Visitor: 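A single structure is presented below for examination.
Hydrogens, waters and symmetry mates are skipped; everything else that's a heavy atom, side chains included, is used. Chain letters run A, B, ... following the sequence lines, proteins first and then strands; every chain starts at 1. It should be emphasised that the depicted structure is a prediction, and the values quoted were computed from it without experimental measurement.
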There are 2 protein chains.
Amino acid sequence: MYTKKIKENLDCGILVAAKVFGGKWKLCVLDAIHRGIVRPAEICRYIDEASPRVIEMQLAELLFFGVIEKRATDAYPKKTEYQLTALGESLLPLLEQIDNWGTTHAAFIKERQKEFEESQTA
Amino acid sequence: MYTKKIKENLDCGILVAAKVFGGKWKLCVLDAIHRGIVRPAEICRYIDEASPRVIEMQLAELLFFGVIEKRATDAYPKKTEYQLTALGESLLPLLEQIDNWGTTHAAFIKERQKEFEESQTA
DNA sequence: ACAATACCCGAAAAAAGATTCGGTATGAAC
DNA sequence: GTTCATACCGAATCTTTTTTCGGGTATTGT
């Protein structure tokens, strides 16, 4: 099992928040669950750019930090469903604000990114 | 120079936002500048957990994406100062919300993190 | 002249994070 | 009974990010 070598620093709010939803796809996963896409296989299909494994792992982390909770029948067929906890719901305003900001400035940022990529190839 | 192998995906607001302020210390750098800590050496001292090099690099990225701008006297002594652009200021509400969320839940998250670390050593 | 500081940069190395691959288990559909 | 789907996990590998290290330029203070 992998253990971190550099000690984690949770000394400011920003770093605590980054710890909880800092993964590459965590906010997307939360967004999916919020939209009612609550079963693992569904989420994987919804976020098809990400590998299923990383979604599993990020679900596990979100679960561990109490952001989401799991409803699963132990019996088969396993119909696992995730849902936001109160803590998870407290993240929704942030999620929305972050998404809004990104959507608003997407065109500008993409333009800059394109310039950057062109400067690399030239 | 390092070039990415996996194509970037900026198809949703969340991913655009992550691109702009997703680095390990970018939000802390923005926070510092917002608080009036505007010179590179000062910022490095302020965020002394981070290596000066990464702060330089992240300043360069923030500059490139137009989040901050640079005021430097070309003459020596170089008194470089960074300040937020309009785009950068548009990030402040997010920054504040993220910091507030983290501060509010810091105790709980630290507790969970501690549990996790203990479960590793045992 | 010499040390200290500020600013910036390149490149190797280390660390962290993500992906791929294979495996387990169970049940359903054909 | 073979194939497919869901859910999950370990481990090797690959990619990205961060860190470390060293260099270069120019100024200030002693």
Visitor: Less than 4.5 Å apart, any side-chain heavy atom of A/L84 and any of A/L92?
Guide: yes
Visitor: OP1, OP2 of C/dA6 versus side-chain N and O of B/T80: anything below 4.0 Å?
Guide: no
Visitor: Calculate the interatomic distance between B/R39 atom CZ and C/dC8 atom P; express it in whole Å.
Guide: 10 Å
Visitor: Contacts to DNA chain D from residues 41-59 of chain B, heavy-atom cutoff under 4.0 Å, which residues?
Guide: B/S51, B/R53, B/V54, B/M57, B/Q58
Visitor: Pair A/L27, A/D31 - check side chain to side chain contact (heavy atoms under 4.5 Å, CB included), show working.
Guide: CA-CA 6 Å; A/L27 284 173; A/D31 183 53; over 6 Å; no
Visitor: Do the side chains of B/R112 and B/E115 get close enough for a salt bridge, i.e. N-O under 4.0 angstrom?
Guide: yes
Visitor: Can you see whether B/Y82 has B/R39 sitting over its ring - NZ or CZ less than 6.0 Å from the centre and within 45° of the normal?
Guide: no
Visitor: Going by an N to O cut-off under 4.0 Å, is there a salt bridge joining B/E81 and B/K70?
Guide: no
Visitor: Report yes if at least one side-chain N or O of A/Y2 is closer than 4.0 Å to OP1 or OP2 of C/dA16; otherwise report no.
Guide: yes
Visitor: Grouping I, L, V, M, F, W and Y whenever their side-chain heavy atoms are under 4.5 Å apart, do A/W25 and A/F64 come out in a common cluster?
Guide: yes
Visitor: Just the rounded figure in Å: distance from C1' of C/dC9 to NZ of B/K70.
Guide: 11 Å
Visitor: Expressed in angstrom and rounded to an integer, what is the separation of A/Y82 atom OH from D/dC8 atom P?
Guide: 4 Å
Visitor: Within this structure, what is the NZ-to-P distance between B/K79 and C/dA6, rounded to whole angstrom?
Guide: 11 Å
Visitor: Any Lys/Arg nitrogen of A/E56 or A/R53 sitting under 4.0 Å from an Asp/Glu carboxylate oxygen of the other?
Guide: yes
Visitor: Taking DNA chain C as the partner, which of residues 5-32 of chain A come within under 4.0 angstrom of it by heavy atom?
Guide: A/K5, A/I6, A/G23, A/K24, A/W25
Visitor: Are B/L91 and A/F108 joined in one hydrophobic group, where the rule is that I, L, V, M, F, W and Y side chains link up if heavy atoms are under 4.5 Å apart?
Guide: yes
